[in-house]
Enquirer: 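Can you keep this structure in mind? I'll have questions shortly.
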Amino acid sequence: MIWNLGSINIDNFYEVPHLPLPGETLAATGFGFGLGGKGANMSVAAARAAARVSHIGAVGANGRWTRERLMEYGVDVPHIAQLDTPTGHANIVIDRQGENSIVLFHGANVELTEAIIGAALTEASPGDFLLMQNETNGQDYAAETAQALGLRVAYAAAPFDAKVTEGLLGKIDLLILNAVEAQQLEEATGKTADALGIADVVITLGAQGCKWVSDAGEKHFDAYPTEVVDTTGAGDTFTGYLVAALDRGMDMDGAIDLALKAASLMVARRGTADVIPDLKEIQDQFGL
Ligand code: RIB
């Protein structure tokens, strides 16, 4: 079982000829909206990877539909609170090359209380996963509580903040970050990934795949080549699949392979939570 302390956003997508320049007013050539947020994307990915996942988060009255949608996608939602603060949202502009730029409003995502988080985690069992990212508050409390309860703690350090990540070292078992973030963390701590005291560190490398750093050393995995249409949510899909596969008892090699397959399908699609591939689509594409 996965307990995902995570953001829930309303994602607004604008297709644009190029990313806006300072002072520029730019007409979008397309618009859409859907369910998003790094947390919600990971919950949906984990559910589509056939794991049981309970989302811990908060929305405002304008985001009641996002909770419903998570439920329709197979995510447990009793620990998503409705607060007086507006739901978080993200305005995502995507250019013709699939590059994006995102403006984020945290809203209810950063109004979580220890009571909301604690009530969820008291239902957890030893061996379950606590999954977290950096778009909510409460990670410290959640990680400490989860550790005390014997959960495995996974943290996707995005959006990256070296100080926050540094503060969580010693409280996490699995750290997922990209190459730039790994470099920034090394500069902040003076330590390479293998010296952070974390059992497993997975560094994503985009089209180059990823590397897994553990006691056993460093292992590289190639990405599955694909046409890139929109990279938004691909990292979240990777992490959701990775943690789901580990939770379901796969070893790290198998879990990373599955996560890379899911991410390769995701970058070929426009959108976030609503278009995350399921196991059947991965099977159809790769013949598992
Ligand atoms: O990683 C993609 C996500 O980042 C989007 O869904 C958006 O909500 C932002 O949080």
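Residues take their numbers from the sequence shown, with the count starting at 1. Counting starts at 1 for both ligands and their atoms, following the listed order.
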Enquirer: So how far is it from Leu5 CG to Asn137 CG, rounded to the nearest 0.5 Å?
Expert: 7.5 Å
Enquirer: With distance as the sole criterion, is a donor-acceptor pair present between the side chains of Gln183 and Glu187 under 3.5 Å?
Expert: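 Looking only at side-chain atoms, Glu187 and Gln183 do form a donor-acceptor pair, the distance falling under 3.5 Å.
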Enquirer: State the atoms of ligand 1, each with its element, that fall below the 4.0 Å cut-off from a heavy-atom position in Ala90.
Expert: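 This gives 7 (C), 8 (O) as the contact atoms.
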Enquirer: Identify the protein heavy atom lying closest to atom 4 (O) of ligand 1, giving its residue, its atom name and the separation to 0.1 Å.
Expert: Lys38 NZ, 3.1 Å
Enquirer: Starting at OG of Ser54, measure out to CD1 of Ile80 and round the result to the nearest 0.5 Å.
Expert: 7.5 Å
Enquirer: Suppose we measure from atom 2 (C) of ligand 1 to each protein heavy atom; which comes out shortest, and what is that distance?
Expert: Asp236 OD2, 3.3 Å
Enquirer: Considering all heavy atoms of both residues, which atom of Asp173 and which atom of Leu151 are nearest to each other, and what is their separation?
Expert: OD2-O, 4.0 Å
Enquirer: As an exercise, state the distance from CG of Leu149 to CD of Glu123, rounded to the nearest 0.5 Å.
Expert: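 Reported value, rounded in 0.5 Å steps: 12.0 Å.
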Enquirer: Among all protein heavy atoms in this structure, tell me which lies nearest to atom 10 (O) of ligand 1, with the distance rounded to 0.1 Å.
Expert: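 Looking at atom 10 (O) of ligand 1, the protein heavy atom closest to it is Glu135 OE2, 2.6 Å.
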Enquirer: So, regarding Thr232 and ligand 1 (criterion: nitrogen or oxygen to nitrogen or oxygen, under 3.5 Å), is there a contact or not?
Expert: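 Thr232 vs ligand 1: no N/O contact under 3.5 Å.
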Enquirer: Please confirm whether Gly37 comes under 4.0 Å of ligand 1, counting heavy atoms of the residue only.
Expert: yes
Enquirer: Measure the distance from atom 7 (C) of ligand 1 to every protein heavy atom, then report the residue, atom name and distance (to 0.1 Å) of the closest one.
Expert: Asp11 OD1, 3.3 Å
Enquirer: Could you label the plane-to-plane angle of the Phe221 and Trp212 rings as parallel, tilted or perpendicular, counting under 30° as parallel and over 60° as perpendicular?
Expert: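 Geometry flag for Trp212 against Phe221: tilted rings.
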